[in-house]
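Written below as structure tokens is the structure these notes are about.
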Amino acid sequence: MWIAKRLLSSIFLKGHYSLFCRPLRSVPEYELRFLHCTCCRRSRIMISGLDTLNASISSELCQEKEKPLDSCYTTEQRAVILQRLNTATESELEQVKLLRGRKAVNIVKYRTTHGPFNSLESVMNVPLLKHKSAVIVFDSILKPADKKERKKGKVHLAKFIRPEVDRALLEDASSIVSIVCGTNKIAWTHMDRARTVLDWQQAECKSFMKGMYMASDYLEDISTVISSFPPADFFLVEKPSISPQNTSLYPVLVHLRTVEAMLFALLTLAKEPGSPPKVLNMMRTAVGRHFNLIVGDCRTSGAQTVKKMMTESVMKQNPRVLFPHDLVIKHRNSFQMSSRNKGEELCDALLQAVAFFELLRE
């Protein structure tokens, strides 16, 4: 019994060695805050030192469809939202989350017909905007997503050029020949450093995609095309973006790789060991991204981009690309959808040459 009493006294009475003893320090001051109860949304629980309420976003409080939208936001927040919805143009509205396409058009059309929005509830009268989507739009206006600025600098050629070549040699090139192979033709563009089109042609190859890919027939057609190429510092061959996992396009992939290999072999002259290559690959996807022609994982046609360049060459004093008058006359109708020879390879060969020189200048 006396042992138990001795133990209890040592626990409660001894200051430094006591189990419940705490060092004497100044008690920090905590700011009292309120936490909304998740059950009733109205009760408030007092807590200290913890800010659990976001003053700018109220989406969780507005998940219930019967709850009025205006009651979810403060007076200042409502003013900011209504100011944006009543004054922003269609293109400015498309920068807000969920307002791309028809929703932005509907907002402008509604306020033009019915006048400016005077409450957040009135926004739900706009077609395609319901309670849940309206909350997301309002929160996006109050707290827009941070957009990372692109770092401007020199482009790493290893990302779109194979094999790697000293950048200084590429920048000193006076002209290049851009080559694109299709399923039944080869197109090429001869362009100088000032982006003046010196030559722009395509030739049909009758042996392509016929029978068993006869090497002798391929060699004859490709050799005939190469004999028409002008001299240049570099020959740029498009690298196709077809995945070998797509078995349905495997015959096309084999065809393109065969032509690519023959172009490299026939255009590569005997050179001294260690000298830089003159035949290069340029990634098709890199050209598509440069001209914003990528939709999802696919590249769209560049015909409209090329036609715009041709028009600017005639109308503007300092066009992006300079076309000789005879080439404009020759190819002005080559990119019509109803045309028998649509000239997609011609477009791609030109865009590849332009992208090459423009990426070098960035």
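Everything numeric here is computed off the predicted structure, so don't read it as measured data.
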Enter the distance from [X]:[atom1] to [Y]:[atom2] here, rounded to the nearest 0.5 Å.
X	Y	atom1	atom2	value
Lys239	Leu256	NZ	CG	10.5 Å
Leu82	Arg111	CG	CZ	12.0 Å
Glu164	Arg162	CD	CZ	6.5 Å
Arg320	Lys308	CZ	NZ	8.0 Å
Gln202	Cys347	CD	SG	9.5 Å
Leu346	Thr189	CG	OG1	7.0 Å

Write down the atom of [X], the atom of [Y], and the distance for their closest heavy-atom approach.
X	Y	answer
Pro276	Leu169	CG-CD1, 3.7 Å
Ala173	Phe357	O-CE2, 4.3 Å
Ser71	Pro68	OG-O, 2.7 Å
Arg78	Leu120	CG-CD1, 3.8 Å
Leu359	His290	CD2-ND1, 3.7 Å
Gln201	Lys330	CG-NZ, 4.3 Å

Applying the 4.5 Å side-chain criterion to the ILVMFWY set and letting contacts propagate, would [X] and [Y] be lumped into a single cluster?
X	Y	answer
Ile226	Tyr218	yes
Trp200	Leu322	no
Val108	Ile81	yes
Phe356	Ile294	no
Val105	Leu85	no

Report yes if the side chains of [X] and [Y] come closer than 4.5 Å at any heavy-atom pair, otherwise no.
X	Y	result
Ile186	Phe208	yes
Cys205	Asn184	no
Arg84	Val96	yes
Lys210	Asp217	no
Lys103	Val126	no
Asp139	Tyr73	yes
Ile107	Phe117	yes
Met209	Val252	yes

Is it the case that over 12 heavy atoms from other parts of the model lie below 6.0 angstrom from the [atom1] atom of [X]?
X	atom1	value
Met214	CE	no
Glu220	CD	no
Glu94	CD	yes

Can a donor-acceptor pair be found, under 3.5 Å and without considering hydrogens, that links the side chain of [X] to the backbone of [Y]?
X	Y	result
Glu121	Leu69	yes
His255	Gly182	yes
Ser178	Leu350	no
Ser313	Met309	no
Thr196	Asp192	no
Thr311	Lys307	yes
His114	Tyr110	yes

In a check of side-chain contact (heavy atoms from CB on, under 4.5 Å) between Val279 and each of Leu267, Ile179, Leu263, Leu236, which one passes?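 Of the listed residues Leu267, Ile179, Leu263, Leu236, the side-chain contact (heavy atoms from CB on, under 4.5 Å) partner of Val279 is Leu267.
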Exactly one candidate in Ile222, Thr183, Val225 meets side-chain contact (heavy atoms from CB on, under 4.5 Å) with Val259; the answer is Ile222
Practice task
Please determine if Asp348 and Arg284 form a salt bridge, counting it only when a charged side-chain N lies under 4.0 Å from a carboxylate O.
Solution key: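 Yes, this pair counts.
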* Any Lys/Arg nitrogen of Arg257 or Glu260 sitting under 4.0 Å from an Asp/Glu carboxylate oxygen of the other? ->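 A salt bridge is present here (some side-chain N lies under 4.0 Å from a carboxylate O).
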Item checked: Val197 and Met191: CA distance, side-chain angles, deciding distance, side chain to side chain contact (heavy atoms under 4.5 Å, CB included) verdict -> CA-CA 5 Å; Val197 181; Met191 181 175 290; 3.9 Å; yes
_From CA spacing to verdict: side chain to side chain contact (heavy atoms under 4.5 Å, CB included), Cys72, Phe138_ = CA-CA 10 Å; Cys72 299; Phe138 298 159; over 6 Å; no
